[in-house]
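Take a look at the structure set out below.
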Amino acid sequence: MAEKKTNTQRIKRIYDLCEEHFGDIRFVGIKYHKKIGWIAKAQFDGDFDNLTADGETSVEALRNLKNRVKKIIKRYNRV
């Protein structure tokens, strides 16, 4: 059976992806909002202000943020 990932590991993976491709990253984090649900956020020092994604669970929000970052990286690499 595969080892279950923690949110800390997921956040670290997103942080590393962002740092590798975009450079200056301030933080990656997650919080709960009553009306929206879980929100994952990556905040940058450089060109981007921040990226956010939401989900019903913290895991889903982090997964959505990682997928969003990967889409941007793919698009960026094509240009």
Nearest heavy-atom neighbours spanning Q43 and I25
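Minimum heavy-atom separation between Q43 and I25: O-CG1, 3.4 Å.
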Minimum heavy-atom separation for A61 and A53, please, with both atom names.
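That closest heavy-atom pairing would be O-CB, 3.9 Å.
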Nearest 0.5 Å, please: how far is [atom2] in [Y] from [atom1] in [X]?
| X | Y | atom1 | atom2 | result |
| --- | --- | --- | --- | --- |
| R26 | N50 | CZ | CG | 9.5 Å |
| R63 | E60 | CZ | CD | 7.5 Å |
| Q9 | R13 | CD | CZ | 12.0 Å |
| D45 | F22 | CG | CZ | 14.0 Å |
| E20 | Y15 | CD | OH | 13.0 Å |
| K66 | L17 | NZ | CG | 8.0 Å |

Can you check whether W38 reaches L62 side chain to side chain, under 4.5 Å on heavy atoms?
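No, their side chains stay 4.5 Å or more apart.
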So do the side chains of I30 and L65 get within less than 4.5 Å of each other, counting heavy atoms only?
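SC-SC contact between I30 and L65 ruled out.
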Please name the residue in the list V28, D16, T6 that meets the side chain to side chain contact (heavy atoms under 4.5 Å, CB included) test with I11.
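Output: one option passes, namely V28.
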Indicate if I14 and Y32 have the same hydrophobic cluster label, given that clusters are the connected sets of ILVMFWY residues with side-chain heavy-atom separations under 4.5 angstrom.
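Yes, I14 connects to Y32 through the hydrophobic network.
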Using atom types as modelled and distance alone, determine if a side-chain donor or acceptor of R68 lies under 3.5 Å from a backbone N or O of T52.
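Checking the backbone N and O of T52 against the side chain of R68, a donor-acceptor pair under 3.5 Å is found.
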Does R10 use its side chain to pair, donor to acceptor, with the backbone of V59 at less than 3.5 Å?
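Side chain of R10 to backbone of V59, a donor-acceptor pair under 3.5 Å: no, none is there.
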